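These numbers were taken from a predicted model, which means no experiment stands behind them.
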Amino acid sequence: MKESLERIELLAKSELERIRDSKELEALRIKFLGKKGELTAIMKSMATLSAEERPAIGQLANRVRADIEEAITSRAEELKAAAAEQRFKDERLDVTLPGKAPKLGRLHPLDAVMHEIEDIFIGMGFDIASGPEVEYDYYNFEALNLPPDHPARDTQDTFYISDKVLLRTQTSPVQIRVMEQKKPPIRIVAPGRVYRSDAVDATHSPLFHQIEGLVVDKGITMGDLVGTLDMLMKRLYGEECRIRLRPHHFPFTEPSAEVDMVCFNCGGKGCSMCKGEGYVELLGSGMVHPKVLEKCGIDPEVYSGFAFGLGLERLVMRKYGITDLRLLYENDLRFLGQF
Ligand code: DAH
């Protein structure tokens, strides 16, 4: 029995060495010290010993038990310390490492230039106006002096919701909505999305943006139009930016003009970018047609006004030297990150 006790002690200690975690340790404790454990079994069989043998063996058994208990406790402490050490290593934070800066967003170039233009007009005393993108035929065409079957409608084919409702092809209907609501003096710009049923290519998109301008007051002349647009372009592109007017036709202005800006590339001499013209087309404009004023209840004998409609994409492409319109809509961050 003495040998068994000594063997158990040796065995328990050598097994303890190999224990890796507290679960294994608990299993070992049960195996050696538990109610059905090896030591308990020996203790129980002590009843079969003679009275002389019993005290010595009893003493030995108690010592073995105490030794194993102590060894388990100290192993438990070792394991605890090792686990803490491991956690410390795993969760270690090197505060001297350079931080990861969060990526900052920025405005899309279309929005950035739109805001820039809005700011320039606000500086000249304009208000910002807006109108619906799903618009009545009446506002988009008819009130702008484009009755049904007017041939100019063909150049602005759009998406129809019904016979009377469509996706607006231009921001010009906002002119009508503003003049219906407000009496002169009126000074507004109306930026927004417009739609045309065009196939997508490098210079066309079924969705694009325009900025409409409208000024109505007593004594407004073509000179005010030229001065305003000249100021806009000089603010956008610098003092050397020049514009010129070409006669044109729009049903809702009389007279009408297309406004060109001097070609960036050649400064007006003529090059491949401006096809030898020295100027590139910028926008449509004119003096508000008396019939349009009348439709909105404004007396054309008393008031006059000018209006213009500017394509935002073209302006942005020119400003940044972008040659394919599609890049502005693909939302590729490698492209947008450059601006
Ligand atoms: N709405 C016209 C277009 O999309 C542009 C335009 C021309 C707007 C003359 C105007 C204007 O306000 O007076 O082609």
Side-chain angles (χ1 to χ4, degrees), residues 121 125-192 194-196 210-229 232 245-260 281-311:
F121 278 108
F126 284 64
D127 289 329
I128 308 290
S130 65
E133 291 168 29
V134 179
E135 183 56 285
Y136 286 109
D137 179 287
Y138 174 79
Y139 288 106
N140 195 76
F141 290 129
E142 218 169 319
L144 288 163
N145 218 10
L146 280 131
D149 306 322
H150 192 291
R153 284 189 176 214
D154 290 351
T155 61
Q156 299 195 5
D157 189 18
T158 184
F159 305 92
Y160 283 84
I161 312 293
S162 70
D163 280 353
K164 290 199 165 77
V165 180
L166 44 76
L167 294 185
R168 68 179 182 189
T169 60
Q170 46 187 353
T171 43
S172 303
V174 184
Q175 289 187 32
I176 307 299
R177 289 185 171 272
V178 169
M179 286 191 283
E180 278 183 354
Q181 296 291 318
K182 220 174 134 203
K183 293 305 137 202
I186 292 170
R187 268 200 303 263
I188 59 107
V189 282
V194 299
Y195 303 83
R196 294 195 193 170
Q210 287 187 340
I211 300 177
E212 194 78 10
L214 173 72
V215 170
V216 184
D217 202 350
K218 287 177 183 160
I220 297 294
T221 70
M222 204 90 179
D224 297 307
L225 169 67
V226 177
T228 305
L229 294 177
L232 170 71
L245 271 69
R246 264 183 301 112
H248 201 76
H249 171 262
F250 296 103
F252 40 95
T253 42
E254 182 57 37
S256 303
E258 274 202 325
V259 178
D260 301 337
E281 189 190 316
L282 186 63
L283 56 82
S285 66
M287 300 305 290
V288 182
H289 199 292
K291 275 196 186 164
V292 174
L293 291 174
E294 246 165 31
K295 265 212 161 72
C296 300
I298 296 174
D299 185 352
E301 296 296 327
V302 180
Y303 293 102
S304 56
F306 70 77
F308 60 88
L310 178 97

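- A salt bridge (Lys or Arg N to Asp or Glu O under 4.0 Å) check over residues 126-140, counting only residues at least two apart or in different chains, returns the pairs Glu133-Arg193, Glu135-Arg177, Asp137-Arg153.
- Only one option out of Val194, Leu310, Ile211 pairs with Thr171 in a side chain to side chain contact (heavy atoms under 4.5 Å, CB included); it is Val194.
- Between Tyr160 and Asp157, the closest heavy-atom pair is CE1-OD1, 4.5 Å.
- For the pair Phe306 and Thr253, the minimum side-chain heavy-atom distance is 4.5 Å or more.
- To the nearest 0.5 angstrom, Arg246 atom CZ is 10.5 Å from Leu282 atom CG.
- Listed here is the closest heavy atom pair of Asn140 and Pro173: OD1-CG, 3.7 Å.
- Among all heavy-atom pairs drawn from Ala143 and Val292, the shortest one is O-CG2, 3.8 Å.
- The closest side-chain heavy-atom distance from Val259 to Leu245 is below 4.5 Å.
- With a 6.0 Å radius and a threshold of 12 heavy atoms from other residues, nucleotides or ligands, Asp149 has its CG atom at or below the threshold.
- Aromatic rings from Phe308 and Phe121 are positioned such that their centres are separated by under 6.0 Å.
- Shown here for Ala307 and Leu225, the closest heavy-atom pair between the two residues is O-CD1, 4.1 Å.
- Looking at residues two or more places apart in sequence or on another chain, you find a side chain to side chain contact (heavy atoms under 4.5 Å, CB included) between Pro147 and His150.
- Among the candidates Tyr136, Tyr195, Phe141, the single residue satisfying the side chain to side chain contact (heavy atoms under 4.5 Å, CB included) test with Leu166 is Phe141.
- Residue pairs meeting the side-chain hydrogen bond (donor to acceptor under 3.5 Å, both in side chains) criterion with at least one member in residues 282-305, sequence neighbours excluded, do not occur.
- Other residues, nucleotides and ligands contribute over 12 non-hydrogen atoms within 6.0 Å of the NZ atom of Lys183.
- To the nearest 0.5 Å, the span separating CG on Leu214 from CE on Met179 amounts to 5.0 Å.
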List the steps and the verdict of side chain to side chain contact (heavy atoms under 4.5 Å, CB included) for Val288 and Ile220. CA-CA 10 Å; Val288 182; Ile220 297 294; over 6 Å; no
What do the steps show when you test Gln156 against Leu146 for side chain to side chain contact (heavy atoms under 4.5 Å, CB included), and what is the final call? CA-CA 11 Å; Gln156 299 195 5; Leu146 280 131; over 6 Å; no
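- Within the 4.5 Å cutoff, the side chain of Thr158 has no heavy atoms near those of the Arg196 side chain.
- If you take CD on Glu281 and CD on Glu258, they are separated by 4.0 Å, rounding to the nearest 0.5 Å.
- A pairwise comparison of heavy atoms in Met222 and Ala257 identifies CE-CB, 4.1 Å as the closest pair.
- Here the OH atom belonging to Tyr139 is positioned 8.5 Å from the CD1 atom belonging to Ile176, to the nearest 0.5 angstrom.
- Within a 6.0 Å sphere centred on CZ of Phe250, heavy atoms belonging to other residues, nucleotides or ligands number more than 12.
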Would you please test Val134 and Leu167 for side chain to side chain contact (heavy atoms under 4.5 Å, CB included) and show each step? CA-CA 5 Å; Val134 179; Leu167 294 185; 3.8 Å; yes
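- Between Asn145 and Pro251, the closest heavy-atom pair is ND2-O, 3.0 Å.
- In this structure the side chain of Val189 reaches within 4.5 angstrom of the side chain of Ile128, judged on heavy atoms.
- Judged by distance alone, the side chains of Glu212 and Gln175 do bring a donor and an acceptor atom under 3.5 Å apart.
- Within the 4.5 Å cutoff, the side chain of Val215 has no heavy atoms near those of the Thr228 side chain.
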